[in-house]
Novice: 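Here's a structure for you.
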Amino acid sequence: QVQLVESGGGLVQAGGSLRLSCAASGSILRIVSMGWYRQVPGKQRELVARIFSSSSTNYADSVKGRFTISRDNAKNTVDLQMNSLKPEDTATYYCNGDVLTPDGRYPLVWGQGTLVTVSS
């Protein structure tokens, strides 16, 4: 069974930085892609950034130039470096993985989330 666990959330002042990490565990052959999403109560979960096996990346327009996603294929981890944080970045951040296992492909594996709060 594949599991994703996020860490690194917390409370920071506007303009500060945080680094989120997500570790995948279980019987994993390969992670096709991994991404970070965020959600505010009452709103839909939205894509923040995603990284593919080729290291190609996608970013939400609102975080371009401030956030950087990276992955370590050997360790099955993905990080999100968040700089110049704004109060509107406040949300619960979720890790997502498209994971290939010996039993098949699991395209929508989710972590439990980590809370990021940016104060003004």
Side-chain angles (χ1 to χ4, degrees):
Q1 184 174 353
V2 177
Q3 182 179 7
L4 303 181
V5 179
E6 304 98 332
S7 63
L11 174 64
V12 298
Q13 292 183 335
S17 297
L18 282 175
R19 188 175 184 90
L20 306 183
S21 295
C22 174
S25 62
S27 184
I28 298 171
L29 294 177
R30 184 167 61 91
I31 298 179
V32 178
S33 67
M34 299 185 77
W36 287 95
Y37 295 70
R38 64 188 182 189
Q39 188 170 26
V40 176
K43 301 194 70 175
Q44 295 293 313
R45 190 172 299 182
E46 65 177 4
L47 173 70
V48 176
R50 195 162 194 92
I51 186 166
F52 300 86
S53 58
S54 64
S55 295
S56 178
T57 56
N58 291 333
Y59 292 95
D61 288 341
S62 59
V63 307
K64 286 181 179 177
R66 300 188 297 120
F67 292 8
T68 302
I69 189 170
S70 60
R71 64 185 289 177
D72 186 328
N73 293 331
K75 297 195 298 183
N76 291 327
T77 60
V78 61
D79 290 352
L80 184 69
Q81 179 65 46
M82 305 186 295
N83 298 325
S84 301
L85 283 162
K86 304 175 180 179
E88 53 261 43
D89 295 318
T90 295
T92 299
Y93 285 71
Y94 296 89
C95 180
N96 170 263
D98 181 355
V99 182
L100 183 65
T101 78
D103 296 325
R105 184 171 176 176
Y106 295 84
L108 290 171
V109 182
W110 292 97
Q112 295 297 311
T114 185
L115 179 62
V116 172
T117 303
V118 184
S119 65
S120 59

Novice: Write down the atom of V78, the atom of C95, and the distance for their closest heavy-atom approach.
Specialist: CG1-SG, 3.8 Å

Novice: Look only at the side chain of R71 and the backbone of I31, and say whether a donor-acceptor pair between them is shorter than 3.5 Å.
Specialist: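 Yes, R71 side chain to I31 backbone: donor-acceptor pair under 3.5 Å.
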
Novice: Looking at every non-hydrogen atom in both residues, tell me the closest pair between G97 and R50 and how far apart they are.
Specialist: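 Smallest heavy-atom distance, with atoms named: C-NH2, 4.2 Å.
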
Novice: Give a yes or no on whether L47 and V63 share a hydrophobic cluster (residues Ile, Leu, Val, Met, Phe, Trp, Tyr; joining criterion: side-chain heavy atoms under 4.5 Å apart).
Specialist: no

Novice: Minimum heavy-atom separation for W36 to C22, with atom names?
Specialist: CZ2-CB, 3.6 Å

Novice: Between V48 and V118, is there shared hydrophobic-cluster membership here, with clusters defined by ILVMFWY side-chain heavy atoms closer than 4.5 Å?
Specialist: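 Yes, V48 and V118 fall within the same hydrophobic cluster.
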
Novice: Answer yes when K64 and D61 have at least one side-chain N-carboxylate O distance shorter than 4.0 Å, and no when they do not.
Specialist: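 Yes, K64 and D61 are salt-bridged.
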
Novice: Name the residue from D89, L20, T68 that meets the side-chain contact (heavy atoms from CB on, under 4.5 Å) definition with M82.
Specialist: L20

Novice: Is there a donor-acceptor pair under 3.5 Å between the side chain of Y59 and the backbone N or O of I69?
Specialist: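 Yes; judged by distance alone, with no hydrogens or angles, the pair exists.
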
Novice: Could you check if a side-chain atom of E6 sits within less than 4.5 angstrom of a side-chain atom of Y93, using non-hydrogen atoms only?
Specialist: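 Answer no - side chains too far apart.
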
Novice: Quick one: side chains of residues 100-117, donor-acceptor pairs under 3.5 Å with protein atoms, not counting sequence neighbours, listed by atom name and distance.
Specialist:
residue, atom, partner, partner atom, Å
T101, OG1, D103, N, 3.1
T101, OG1, G104, N, 3.3
T101, OG1, G104, O, 2.9
R105, NE, D98, OD1, 2.8
R105, NE, D98, OD2, 3.4
R105, NH2, D98, OD2, 2.6
T114, OG1, G9, N, 3.1

Novice: Please evaluate residues M34 and L4 with respect to the criterion side chain to side chain contact (heavy atoms under 4.5 Å, CB included), reporting the C-alpha separation (whole Å), side-chain torsions for both, the decisive distance (0.1 Å), and the verdict.
Specialist: CA-CA 10 Å; M34 299 185 77; L4 303 181; 4.3 Å; yes

Novice: For the residue pair S17 and N83, what are the closest heavy atoms and their distance?
Specialist: OG-OD1, 2.8 Å

Novice: Do Q81 and D79 have a side chain donor and acceptor closer than 3.5 Å?
Specialist: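 Distance-only check fails for Q81 and D79.
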
Novice: So, for L80 and A49, which heavy atoms are closest and what is the spacing to 0.1 Å?
Specialist: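 The pair with the smallest heavy-atom distance is CD1-CB, 4.2 Å.
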
Novice: Do F67 and V12 share a hydrophobic cluster, counting only Ile, Leu, Val, Met, Phe, Trp and Tyr and linking them when any side-chain heavy atoms are less than 4.5 Å apart?
Specialist: yes

Novice: Assigning hydrophobic clusters by single linkage (Ile, Leu, Val, Met, Phe, Trp, Tyr; side-chain heavy-atom cutoff under 4.5 Å), is I51 placed with V99?
Specialist: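 Shared cluster, yes.
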
Novice: Quick check: are there more than 12 heavy atoms from other residues, nucleotides or ligands sitting under 6.0 Å from CD of Q44?
Specialist: no

Novice: Testing the 3.5 Å rule here: is there a donor-acceptor pair between the side chains of R66 and S84?
Specialist: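 Judged by distance alone, the side chains do not pair up.
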
Novice: Donor-acceptor pairs are to be reported for all side-chain atoms of residues 23-30 against protein atoms at under 3.5 Å, with residues two or more places apart or in another chain.
Specialist:
none

